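First up is the structure itself, then whatever we jot down about it.
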Amino acid sequence: MTANSIISVSHLSKSFGEVNALKDISFDVGEGEVFGFIGPDGAGKTTLFRIITTLLLPDEGEVTILGLDCVKGFRELRKNIGYMPGRFSLYMDLTVEENLNFYATVFGTTVRENYDLIADIYAHIEPFRKRPAGKLSGGMKQKLALSCALIHKPALLVLDEPTTGVDAVSRAEFWEMLKKLKKYHITILVSTPYMDEAMRCDKVALIQEGKILSVDQPERITDGFSRRLFSVRSSEKYKLIRALREFPLTDTAYPFGDSVHVTFRDDHYDDTLYRYLTAAGFTDVSIGETRAGIEDRFLELMTPPLQGSNRTL
Amino acid sequence: MKRFLVFVKKEFLHIFRDVRTMIILFLIPGALILLFGFVVNTDLKNATVSFLDLSRDEMTVKLTDKICSSGFFFRGENLDSYQEIDQALRGNKIKAVIIFEKDFSRKLISDGKATVNIITDGSEPNMATMATNYISAIIADFNSELVTNGTTATLLVQPEVRMFYNPSLKSQHMFVPGVITLIMILICALMTSITITREKEFGTMEALLVSPLKPIQIILGKIVPYFILSFVDVIIILLLSRYVFDLPVKGSIILLLAETMLYILMSLSLGILISSVVNTMQQAIFISLVGMMLPAILLSGFIYPIGNMPKIYDWISAIMPPRYFIIIIKNVMIKGTGFSYIWKETLFLVLFTLFAIVLSIRKFNIRLQ
Amino acid sequence: MKNTVISVRNLVKKFGNFIANDNLTFEVYKGEIFGFLGANGAGKTTAIRILSGLSKPTSGEVIVAGFDARKQPEQIKKNIGYMCQKFSLYEDLTVKENIMLYGGIYGMKKQLIRDRTRSLLERLQFEEYGDRLIAALPLGLKQKLAFSVAVLHEPKIVFLDEPTGGVDPITRRQFWEMIYETAARGITVFVTTHYMDEAEYCDRVSIMNEGKIEALDTPAGLKKQYQAGSIEEVFISIARPGKN
């Protein structure tokens, strides 16, 4: 546990009956960090966040938040955590204004007192302050929920999949807002199933089946990709994937947007591939070496190391 | 305290903004009362009465005229014998038969008393009571005229009321207490359990739990608005029954309201208890309806007399609070008895309420598990 | 010449004074993977309801799988498949029961359903799961199965609504390979999604904003046209001017 760590989790496990939701998880979050948990549905993100927000009890391990134990210190902690659950915690029949006032009062403060903190965010939705929350668009709901979670100026903000189901514009705005909160030294814990959002965080934990695969700064996580990676394009994508899998030197071949990302055995690459593909009838093949993204790294971490034969999906 | 008040305010907003909740809260109680009251009732001005006049003397003719000119009754055919009464009432047109006994005038003068029998159709209890009440009033009026005229200063007319098909006239006296008992369970248990489970389903409960609000504040915040609104309902029901159906509260109104508050509180804590053990609105509705409403209707004595039930149902109904509340409210409203007659039932309700409150606070989870 | 399976000409859909679809014109071809993007409330859902025969256009011509959306919606429904992220299979039925049910709904012969079920389970390497309840399957398997079921009756077009939301990167790629394979068989795949990296997998992409189609091209073409590094940037530069 470092001196200024806001969250310190060590050897945390949690099961629901037969299901091991979290398996021996450890990590630290420093003050003022935007810390992202990236992983698919069912990886354990929500369970972890619920333990951190004192909503669930850990089975094993220690969880210290803001210097307090998450079990014994839950009353004190609840005053200092802002939490935005996966389903926006808004009252759909109350207006924008009423929702905000309600959460402010419940946390023993007023909207005016901390208005500067939410001003940027709330400005987007203030024109609709008399509208019931249920009638807002997804993006506006998300902004209102964030305002409500922030209104008591929490030291720690926990956001569970805030960008799920929200369009790309609103998502981009949302991340810009989180960035602006940095000047208030609020530590932010955020989860998302979308790999591309990882780069927006200061630090990222890749999580899968209740285990953390890697924790680091996003650039360093992608740097951890140890292989040479090639991007292969052709208009006949399905045929291309089949052909690449059959190519004897291929190690992995995954579709990746409009291209296929390929690694080769022993990272050996020469123009045999091009000749192989041309011989197979492809007329518009382009091959180039490319930098790995976070998703490539996630794929690498998810699959066991080389076994010597072609991997099939 | 401010936290608590803002919570209560929020609950009121939920209620006032939801049309369905408003309907259940304010339209259904009135509608049920009117339904129970009027379904068996037609306008009394159209009621036809027949007469079986066995003396046909000066007095009976006068009295017959008075009844028929009152504006409330049409004069039906005259009957000649008791045997014809049954036939007349079964025909459905005649709502009551008035019988003057033999030697009416002579008995009135010599014995100082003569009998008028009023036979009504008990299958329409509300109509029957109203007709009886009106006829009795007219006869009483006639009687007082006799007295003031000074001719026969000591004479009395005694109407003997007999119900033809439903001698004990159960449902008529039962419907107001029954509806109150039912409505309170419906509103309190069903609505509170729905509002809490709704917060669980929509995820707002997570946010509330992570706030500094204490469980007791959340629970009371849910109870208070429904307590106030249910109480308003009871007042509405009582006013309706007094002024529309002419069914006043015979006993102490304070006692009645106090007992009702106790019953409301008990129903609310049952609602809270339900919501603390289930997670979805669907489950809450199911338990409230099957576990609360059905027993309240079937096993409380509201519709089926407990005395006629198989023993096993009698035992089950013994732990059903509605059963005791119906006893209490019938005693106070209809019989006009005091607290000493109902303290046992009251004590049961008090204990049950305490039990439910304590259990629901203990069951109310400060976490999600 | 490309074989057109969806042809939309001057489609307008109004709700009262509100114009949900404002003069849409586009074509989708056989065997194509067509990405249909747009912000919340841009009019995507309205357009898809019309394309799948659930709602009628206010004006304009919509031909889907050779049938007129105004006059032959029932014919359209027989020739399309549909899969959305939230609801497609019955959790309390087994894998085989779900397939049977679905085949039955589309009026397939018992023998044909049985044959297709066998080949479907084989292809997915699902044989052991045949008698399991859907509820007991992991999310990734459920989605793959839901997709296979949606194309069980060999429709001309299959509509996918955010097909890979929330799944892990490997499952997601397996899913997209299934989509590629389906498209290679000649079934048109019509995908709607909020997630722009998903759009990059499509052959062509359209972007809707405020009821209009603002852009339609291959992902590479769009990126070139808007001088953007990703479809997400393209999307934002289209959708943002209209917002504040």
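Because the structure is predicted, anything quoted here is derived from the model rather than measured. Scope of the values below: all heavy atoms of this structure, side chains included, with no hydrogens, waters or symmetry mates.
When the candidates A:K79, A:M84, A:R87 are compared by the number of heavy-atom contacts under 4.5 Å with chain B, A:R87 comes out ahead. Options A:F74, A:Y103, A:F102, A:Y83 differ in how many heavy-atom pairs under 4.5 Å they form with chain B, and the most are formed by A:F102.
With a 4.5 Å cut-off on non-hydrogen atoms, A:T109 does not touch chain B at all. Contact annotation for B:L208: only side-chain heavy atoms (C-beta onward) come within less than 4.5 Å of a heavy atom of chain A. For B:Q217, no part lies under 4.5 angstrom from a heavy atom of chain A. Looking at A:L77, neither its backbone nor its side chain comes within 4.5 Å of chain B, counting heavy atoms on both sides.
No salt bridge links A:K153 with A:E113; every basic N to acidic carboxylate O contact stays at or beyond 4.0 Å.
Contact between B:A207 and A:P85 at its shortest, heavy atoms only, is N-CG, 4.5 Å.
In this structure, A:F27 has its ring center closer than 6.0 angstrom to the ring center of A:F37.
Here the side chain of A:K45 pairs no donor or acceptor atom with the backbone of A:I38 at under 3.5 angstrom.
Within a 6.0 Å sphere centred on CD of A:E62, other residues, nucleotides and ligands contribute 12 heavy atoms or fewer.
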